[in-house]
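Each remark here refers to the structure printed beneath this line.
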Amino acid sequence: MGLTLTEKILKAHIVDGEFVKGSEIGIRIDQTLTQDATGTMAYLEFEAMGVPRVRTERSVAYIDHNTLQSGFENADDHRFIGSVAKKHGIYFSRPGNGICHQVHLERFGAPGKTLIGSDSHTPTGGGIGMIAIGAGGLDVAVAMGGGAYYITYPKIVNVKLSGALRPWVSAKDVILEVLRRLSVKGGVGKVIEYTGEGVKSLSVPERATITNMGAELGATTSIFPSDETTRQFLKAQGREDVYTPLSADEDAVYDELVEIDLSALEPMAACPHSPDNIKNARELAGMKIDQVCIGSCTNSSLMDMMKVAHILKGKTVHPDVSLSIAPGSKQVLNMLAQNGALSILIDAGARILESACGPCIGMGQSPNSGGISLRTFNRNFLGRSGTKDGQVYLVSPELAALSAVNGVFSDPTELPDDFRFEMPEKFVVNDNMIVPPASEEDMDKVEILRGPNIKPYPDTAPLADTIECGVSLKVGDNITTDHIMPAGAKILPLRSNIPAISNYCFTVCDEKFPERAKEMGKSVIVGGSNYGQGSSREHAALAPLYLGVKAVLVKSFARIHRANLVNAGILPLTFVNEADYDKIDEGDILLLEDLREKVAKGDTEYTVINKTKGIEIPVLCELSGRTANIMLAGGLLDFTRENLK
Ligand code: MIC
Ligand code: SF4
């Protein structure tokens, strides 16, 4: 029986477990990446493990999320990460060099390699045939120390592409179509593998747009084959040596099939407040808009920017619209400057931002009250833009640019078919903003620079035998990590300080939550399905840990967040009968007994006694041998320390 591409790469990297669907496997990690908003914590964790030098083939620390520097905190974090990187063998991509995923694709990614990154959009690397997975910072720290990364051996979905996109229909529309069909939880436990004749018609940046936003499916990752297009892209980056052709076997067997005829697609938008709330552009055409933001790791390649420049050429941004543009990397910005396109953008009235995440994570450019904002980004969760009632639509760069000129939501397929873009034979390569680490001989001379806002990892304790405490919060379905641990210009600078950032935990849902949880001392959170979707931020587990949350009981979890809860030593529980969700209210006192014995024995069926209501509720706690030991130890940090001894 033939193998899928995913299986081929996983097979070449498996170091623990059996190749059986649904079981836990450990894979060797070739490359890691971190960004600054998750990086400080990841490097504190790495330091706590006591490994002197990273054991990966390549580890890179990027500074891209938190670049406003409105106080000393960000700059301190940047210096801390830079110094840790230098000491421990990690390449350091300085602020200004670009968004981690864009730069990693350009400068470091390699077909057939495994990459984990402390950012959920790490699957961008799937655009050149990598198995690239988003993970919590602690998992990345362990991988840097040479430890395996554990995933559930995934189901593999074959998204078979045929045809080619019509003019002004975009790679963004491909992933919006996949989201429309599968939903934000449709990818959980799965890898999305793209195959078929249609693949050939897509350039590497287009493929990367699709794998990047595949994160919104909840998928483990997404991957494209590595083919002649990949070779040319790598060659143009001066890295042809890392090219290797890779694809699934002809007779590979997939778990699911999704067929998409690219030529039948039309421009689409993900409407507020979920990436799977899809409408065709036609239905929205004419709607007045207030803001357009172009950029982010999803759509900030040279090709995207050239399309935008083509549409803006000789035009002026509509008087009622603010247009901001953030090219994804120094390479892209530099090439736009050299070929004159930057001048076209400036001339049209675009507000050029630095090559960083910026508005995507609420670092500036929040829309006006109730404002309608078209963004080429990947997430439009409630409040993420920084304006609570902001209405964010996720669209392609071409749709965004045309709408910015017209002042209303516009369908770009109305434009004349006169845009041609040839991928450059050579990109402008200058890695002067990537600082290599100190040599092994010099590493001891490097001083770690710690600012006063950088606080240690919260206290942990081995799993208690009994949990008896109240429900501090009950929330509904599709709770995102932006609900649990919001970001934005005010809160992001606190990422290195768990006591301080925990004061904002869940405040999007309930402003009183942090105070109440602290008063209760210990508590349980109850939630609906797909709890914790979105980002990889382990702060969404560390802040609850700091606030005394002992268990989270929900209908279902998103992958990375569940792993982060286990890593933080918080018990992840799911209802056996979803209807039992209605049998618990905020304030109820819950009791779980004999936990240590049950976890150690690998029992999965537990009973929650709702003492307030006098009822018993069956729940599942699915921990395998390894995750059970992590839980017993009080989290992955303690577990790793014990195992390193
Ligand atoms: C995001 O897009 O939500 C982020 C900000 O990049 C996060 C990481 C973080 O919260 O620091 C992610 O995607 O993992
Ligand atoms: Fe940055 Fe936005 Fe991409 Fe997250 S999704 S890495 S915040 S650009």
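What's counted below: heavy atoms across the whole structure, side chains too, no hydrogens, waters or symmetry copies. All ligand and atom numbering here is 1-based and tracks the order in the structure.
- Contacts between Ile361 and ligand 1 below 4.0 angstrom, taking non-hydrogen atoms only, involve the side chain exclusively.
- Environment of CZ in Arg351: sparse, with no more than 12 heavy atoms of neighbouring residues, nucleotides or ligands closer than 6.0 Å.
- Counting heavy atoms under 4.0 Å from ligand 2, residue His101 touches it through the side chain alone.
- Less than 4.0 angstrom separates some heavy atom of His121 from each of these atoms of ligand 2: 4 (Fe), 5 (S).
- At least one side-chain heavy atom of Phe421 sits less than 4.5 Å from a side-chain heavy atom of Leu302.
- In this structure, Arg495 counts as a contact residue of ligand 1, since one of its heavy atoms falls inside 4.0 Å of the ligand.
- Nearest to atom 10 (O) of ligand 1 among the protein's heavy atoms is Arg537 NE, 2.5 Å.
- In terms of protein heavy-atom proximity, atom 8 (S) of ligand 2 is closest to Cys297 N, 3.3 Å.
- With a 4.5 Å cut-off on side-chain heavy atoms, Gln331 and Gln102 do not count as touching.
- Contact annotation: Gln35 has no heavy atom less than 4.0 Å from any atom of ligand 2.
- In this structure the side chain of Lys455 never reaches within 4.5 angstrom of the side chain of Arg450, judged on heavy atoms.
- Taking the ring centroids of Phe92 and Tyr62, they lie at or beyond the 6.0 Å cut-off.
- A salt bridge does not link Asp276 to Arg180: none of the charged side-chain nitrogens sits closer than 4.0 Å to a carboxylate oxygen.
- The ring of Phe506 has its center no closer than 6.0 angstrom to the ring center of His483.
- Here is the list of ligand 2 atoms found below 4.0 Å of a heavy atom in Ser296: 8 (S).
- Each of the following atoms of ligand 1 lies closer than 4.0 Å to a heavy atom of Asp119: 4 (C), 6 (O), 7 (C), 8 (C), 12 (C), 13 (O), 14 (O).
- Compare Arg384, His539, His65, Glu538 by their heavy atoms: the one nearest to atom 2 (O) of ligand 1 is in Arg384.
- Below 4.0 Å from some heavy atom of Ser536 lie the following atoms of ligand 1, by number and element: 12 (C), 14 (O).
- For atom 1 (Fe) of ligand 2, the closest non-hydrogen atom of the protein is Cys357 SG, 2.3 Å.
- Contacts between Asp119 and ligand 2 below 4.0 angstrom, taking non-hydrogen atoms only, involve the side chain exclusively.
- Remark: Arg79 CZ is loosely packed, at most 12 non-hydrogen atoms of other residues, nucleotides or ligands lying under 6.0 Å away.
- Counted by atom type alone, Ser222 and Arg207 present zero donor-acceptor pairs between their side chains at under 3.5 Å.
- Shortest contact from atom 8 (C) of ligand 1 to any protein heavy atom: Gln35 NE2, 3.1 Å.
- Close contacts between ligand 1 and Thr38 involve ligand atoms 9 (C), 11 (O) [criterion: under 4.0 Å to a heavy atom].
- Under the 4.0 Å criterion applied to side-chain N and carboxylate O atoms, Asp36 and Arg495 are not assigned as salt-bridge partners.
- A cation-pi arrangement is present between Arg58 and Tyr91 under the rule of less than 6.0 angstrom and at most 45 degrees off the ring axis.
- Here is the list of ligand 1 atoms found below 4.0 Å of a heavy atom in Ser535: 3 (O), 7 (C), 8 (C), 9 (C), 10 (O), 12 (C), 13 (O), 14 (O).
- Ranking protein heavy atoms by distance to atom 2 (Fe) of ligand 2, first place goes to Cys360 SG, 2.3 Å.
- Each of the following atoms of ligand 1 lies closer than 4.0 Å to a heavy atom of Ala37: 11 (O).
- Using a 4.0 Å cut-off to heavy atoms of Asn378, the atoms of ligand 2 that qualify are 5 (S).
- Distance from atom 13 (O) of ligand 1 to its nearest protein heavy atom, with residue and atom name: Ser120 OG, 2.5 Å.
- Listed by number with element, the atoms of ligand 2 under 4.0 Å from a non-hydrogen atom of Ile361 are 7 (S).
- Residue side and main chain included, His65 places no N/O/S atom under 2.8 Å of atom 2 (Fe) of ligand 2.
- When each of His104, His101, Arg107, Glu106 is paired with Ser329, the side chain to side chain donor-acceptor pair (under 3.5 Å) condition holds for Glu106 and for no other.
- Scanning all heavy atoms of the two residues, the minimum distance from Tyr149 to Gly134 falls at OH-O, 3.7 Å.
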